[in-house]
Amino acid sequence: MTGVFAGMAGVLADVLGGPVLYTPKGGAPREIRSIFRTEPIEAEDQDGHPIVIIAPSWRVGRDLVPELARGDRIDPQTGTLYTVELIRPSGSPAGDAFVICELRKVQP
């Protein structure tokens, strides 16, 4: 069943996303094509129930950020920086499935 979902995160990021600078703790920044949103989005909790995420969010293929952790920095190149506060895995079994990060705005 994984084969059905394989590659979909990359396709969606190409269509709906753009370049975002990701800086892991203690690492160098790198540009990743992904989906950054400031408006509320719908997602699922760990039990598969629908939820609404009100915080700014970053949706990225988990294979692109294997070291992803709370406190990592996200720069959508809009003039505002964010830190990762909460990481939510998606329900997809694909190796490149999205994770959704709830973000907190960093004060200038």
Side-chain angles (χ1 to χ4, degrees):
M1 187 70 172
T2 302
V4 173
F5 300 102
M8 290 307 298
V11 170
L12 289 172
D14 287 344
V15 173
L16 303 173
V20 171
L21 284 177
Y22 165 66
T23 307
K25 285 184 195 176
R30 66 181 189 267
E31 191 172 272
I32 298 176
R33 189 147 184 94
S34 50
I35 303 170
F36 170 81
R37 296 287 183 257
T38 55
E39 66 275 355
I41 64 166
E42 288 187 23
E44 292 181 353
D45 66 13
Q46 67 256 16
D47 296 322
H49 300 106
I51 59 169
V52 175
I53 298 174
I54 298 172
S57 63
W58 184 48
R59 191 178 298 229
V60 61
R62 68 176 162 221
D63 61 322
L64 300 176
V65 289
E67 72 276 48
L68 182 64
R70 186 169 190 231
D72 290 352
R73 293 215 170 206
I74 306 301
D75 179 358
Q77 303 179 63
T78 61
T80 304
L81 296 175
Y82 299 85
T83 58
V84 174
E85 291 297 308
L86 181 65
I87 302 166
R88 296 181 178 277
S90 74
S92 172
D96 70 337
F98 281 125
V99 292
I100 301 172
C101 300
E102 292 185 38
L103 308 174
R104 180 178 55 84
K105 187 177 181 179
V106 175
Q107 297 299 323

Are any non-hydrogen side-chain atoms of [X] and [Y] less than 4.5 angstrom apart?
X: Val84; Y: Leu103; answer: yes
X: Gln77; Y: Pro19; answer: yes
X: Arg59; Y: Val20; answer: no

* **Those residues that, when tested against Leu64, pass side-chain contact (heavy atoms from CB on, under 4.5 Å) (two or more places apart)** => Ile32, Val60
* Asked: Please, which pairs that meet salt bridge (charged side-chain N to carboxylate O under 4.0 Å, His left out) have at least one residue in residues 71-90, sequence neighbours excluded?
  -> Arg70-Glu85, Glu85-Arg104, Arg88-Glu102
* Asked: With sequence neighbours excluded, what pairs up with Glu42 under the salt bridge (Lys or Arg N to Asp or Glu O under 4.0 Å) test?
  -> none
* Asked: Going only through I, L, V, M, F, W and Y residues with side-chain contacts under 4.5 Å, is there a path from Leu68 to Ile53?
  -> no
* Asked: Are Ile74 and Ile87 joined in one hydrophobic group, where the rule is that I, L, V, M, F, W and Y side chains link up if heavy atoms are under 4.5 Å apart?
  -> yes
* Roughly how far, to the nearest 0.5 Å, is OG1 of Thr83 from NZ of Lys105? -> 12.5 Å
* Closest heavy-atom pair and its distance - Ile41, Ser57 -> CD1-OG, 3.4 Å
* Asked: Is Val52 isolated, or which residues cluster with it under the ILVMFWY side-chain rule of less than 4.5 Å, directly or via members?
  -> Ile54
* By the rule that ILVMFWY residues connect when side-chain heavy atoms come within less than 4.5 angstrom, directly or transitively, which residues belong alongside Leu86? -> none
* Asked: Applying ring-ring contact (aromatic ring centres under 6.0 Å, His included), which residue pairs with at least one partner in residues 59-80 are found, sequence neighbours left out?
  -> none
* Asked: Which residue pairs satisfy the ring-ring contact (aromatic ring centres under 6.0 Å, His included) criterion with at least one member in residues 58-87, sequence neighbours excluded?
  -> Tyr22-Trp58, Phe36-Tyr82
